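What you are looking at is a predicted structure, and each value in this text was computed from that prediction instead of being measured.
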Number of protein chains: 2
Amino acid sequence: MATEGPAPVHAPSMADVAALAGVSHQTVSRVVNEHPSVLPDTRERVQAAIAALGYRRNSAARALVTRRSGVLGAITIGGTHYGPTSTLLELEDAARAAGFVVTVATLRQGDEAAVGHALERLLEIGVEGVAVVAPTTQVADVLSGLRATVPVVLVSSYTEGPRPEGVHAVAVGQRAGARLATEHLLAHGRAEVVHVAGPQDWFDARDRVAGWRDACEAAGVPARTPIGAGWDAADGYAAGRRLLDEGLPPAVFAANDQLALGLLRALSEAGVRVPDDVAVVGFDDEPGAAFYSPPLTTVRQDFAALGRAAVDSLTSVLAGGDPGDRVLTPQLVIRASSAT
Amino acid sequence: MATEGPAPVHAPSMADVAALAGVSHQTVSRVVNEHPSVLPDTRERVQAAIAALGYRRNSAARALVTRRSGVLGAITIGGTHYGPTSTLLELEDAARAAGFVVTVATLRQGDEAAVGHALERLLEIGVEGVAVVAPTTQVADVLSGLRATVPVVLVSSYTEGPRPEGVHAVAVGQRAGARLATEHLLAHGRAEVVHVAGPQDWFDARDRVAGWRDACEAAGVPARTPIGAGWDAADGYAAGRRLLDEGLPPAVFAANDQLALGLLRALSEAGVRVPDDVAVVGFDDEPGAAFYSPPLTTVRQDFAALGRAAVDSLTSVLAGGDPGDRVLTPQLVIRASSAT
DNA sequence: CCATATAGTCCTCCAAGCCCC
DNA sequence: CGGGGCTTGGAGGACTATATG
């Protein structure tokens, strides 16, 4: 009981500000919300009181009455995959521009069934919309079962199966990107392109397979069964070892840059020259890709635009519209690994 | 006015559940909050009503009355730096385990003064604590000026200058890690170690310089002025070009793996053999580091532990304790780039 | 035109009430 | 008739929206 100084006071409320400024709390509300009907003089007095007290509006009370939290949720797959990570960061940026903050819920990899819990967690804190940056089939399946009460956007290609009610999608065209990469290799005289695929429960990985196959078929070249397992450099390395055993193709299209990195390593260890003996193309254009040995030809995705598209989709549903799906165009970045 | 079907009803409230279950709203609250004093029979009836209505408690109302939001804020520097990104993901994981969700606010790089706005945004939505994963001096300076009303933890080394009131820090020992790397090189017969430094407004970069210098001084070898500019592979490449001009040292310690990657590229282009002519060590142990050419010796940080430590720090302040600062131990991972 | 009162948002805490032994 | 387990009603909490001076 013998505490020193004044008791720690609560954060100031509108009523406190109103008292200090000699107005009603309603007038304070007007000032805070930039309502026009306040005399300049009154406004200034109120603002002075706000500054003096260090008043900060209480978002809980505000959310309670407006039924709007100003929060968007993002569900993302754990791990440091370049794509999802970048998308998340850009999403946050776009959300801020639209007046929202973003609350994230990550999924431990391999635990995609936890999407349900993650979504529940987000809904419970009152998010107004959810972006799912965890583009696996399991996630989409779970989502189909859940009739969310808020708009949900899938940040990923989603070209197969029935779209769950009220779920939209935005994506960078994975299939188009893969076709771009494969066509590039074929156009430069490579008679065959082997594909090192990503995990087939990711939509992106599936679409990259599809795009590669499109290009092979269009060119009338054989499409050997893709090899691959995960997204990591170690998987790419293993794929490289296997290709060395089974016979090297003139060109390889790896489903992402990390796979390409591991592949390059395996080839280098075996004394295989890139691009002379084998041309290699990746996907993502990771920060380091231009400095691999050799610098990697790859497919760049505009994650900033993707993030903006996701937020646009959500806000437009919130505004009562139907955004439809949006597919962005990827871009081929040519470097030494595929030079002729 | 001619809408079809029933008007879209509001989300069910406790009162609705109570009415359906034939109890008072208070009893519903008890059930939801797992209070013991509810008859099993009543509890089940209430739970059935909750399920039937799809009731979800309103976090705004809850936060309003409990004065607890269950939200932690994270301020992180934009861009896809491996360290901050991983830390953020792990932080989220640890926060969930502690019963919190995490709301992120990213900073556009070079706009560190925006920490103030970011913090303001987070405080306005009522976060209970803030983790700052954007370890630059500017950020720390701004933080010093702001007397935040909630606990703040700096996820970074913070070895210089006065600690702002109420701001704690958790970090992986950058200085120790750098010393480890440098000592490793010196112990394997390299007579000099040049340092390619990161941006000196990052605490981590500064500490890595300090650790490198420690080791040089302890071994009595000259410590040439570090070169470097940013964190990116392009900066490492530029540093490599410069070293090629000025004369190659027997060993280089790069402040992160991306710098090392660019450096390796520059050396490779010039026909310099690693580790025969020059040994190289990086920092971070990025996912691809084991597959660089050659595989990179580097310093690994335990980001999961770091994330947990940050959350621990926050929750312990929230519980009225004083967590003090915590420094985790980094680990040297030896690969071919430094083999003798 | 500007400012004030009053009602309503959904929940948790507190004090009191009921019932049954 | 008193006490513990279960339940209830009412009072905020900080704000916005809708009348009302």
> Would you indicate which nucleotide in D:dC15, C:dA5, C:dC11 comes nearest to any side-chain atom of A:M14?
D:dC15
> Checking side-chain contact (heavy atoms from CB on, under 4.5 Å) for the pair B:L107/B:V139: CA distance, chi angles, key distance, verdict?
CA-CA 10 Å; B:L107 262 31; B:V139 168; 4.2 Å; yes
> Find the distance B:R57:CZ to C:dT9:P and express it as a whole number of Å.
21 Å
> In whole Å, what is the span from the CG atom of B:N33 to the C1' atom of C:dC13?
11 Å
> If you define the side chain from C-beta out and look only at heavy atoms, does anything of A:R57 sit under 4.5 Å from A:M14?
no
> Using the closest heavy atom to pick a nucleotide of DNA chain C for each, name whichever of B:Y55 or B:R30 lands nearer the 5' end.
B:Y55
> Return the value, rounded to whole Å, for the distance between atom CG of B:L64 and atom P of C:dG8.
18 Å
> Rounded to whole angstroms, how far apart are CZ on B:R67 and C1' on D:dG12?
10 Å
> If you assign each of A:H25 and B:V65 to its closest nucleotide in DNA chain C, which residue comes earlier from the 5' end?
A:H25
> Calculate the interatomic distance between A:R68 atom CZ and D:dC15 atom C1'; express it in whole Å.
15 Å
> Indicate yes or no for a side-chain donor-acceptor contact from B:T85 to the backbone of B:H81 under 3.5 Å, with no hydrogens or angles considered.
yes
> Show the numbers, then the answer: is there a side-chain hydrogen bond (donor to acceptor under 3.5 Å, both in side chains) between B:T103 and A:T103?
CA-CA 4 Å; B:T103 294; A:T103 293; 2.6 Å; yes
> Can a side chain N or O of A:S24 be found less than 4.0 Å away from OP1 or OP2 on C:dA5?
no
> According to a strict under-4.0 Å criterion, is A:R62 in side-chain N/O contact with OP1 or OP2 of D:dT16?
yes
> Using a cut-off of strictly less than 4.0 Å, decide whether A:T27 has a side-chain nitrogen or oxygen near OP1 or OP2 of C:dT4.
yes
> Is any side-chain nitrogen or oxygen of B:N58 closer than 4.0 Å to OP1 or OP2 of C:dT9?
no
> When you check the phosphate oxygens OP1 and OP2 of C:dA3, does a side-chain N or O of A:T42 lie under 4.0 Å from one of them?
yes
> Mind checking if A:L39 touches a base, just sugar-phosphate, or nothing, with heavy atoms under 4.0 Å?
sugar-phosphate
> If I take atom CZ in residue B:R56 and atom P in nucleotide C:dT9, what distance separates them, rounded to the nearest angstrom?
20 Å
> To the nearest Å, how far apart are B:E34 CD and C:dT12 C1'?
16 Å
> Which of these nucleotides, D:dT8, D:dC15, C:dT4, is closest to any side-chain atom of A:Q26?
C:dT4
> What distance separates A:W202 CH2 from A:Q138 CD, expressed to the nearest 0.5 Å?
10.5 Å
> Under 4.0 Å between any heavy atoms, over every strand shown, what does B:S37 touch: base, sugar-phosphate, or nothing? Just pick one.
base
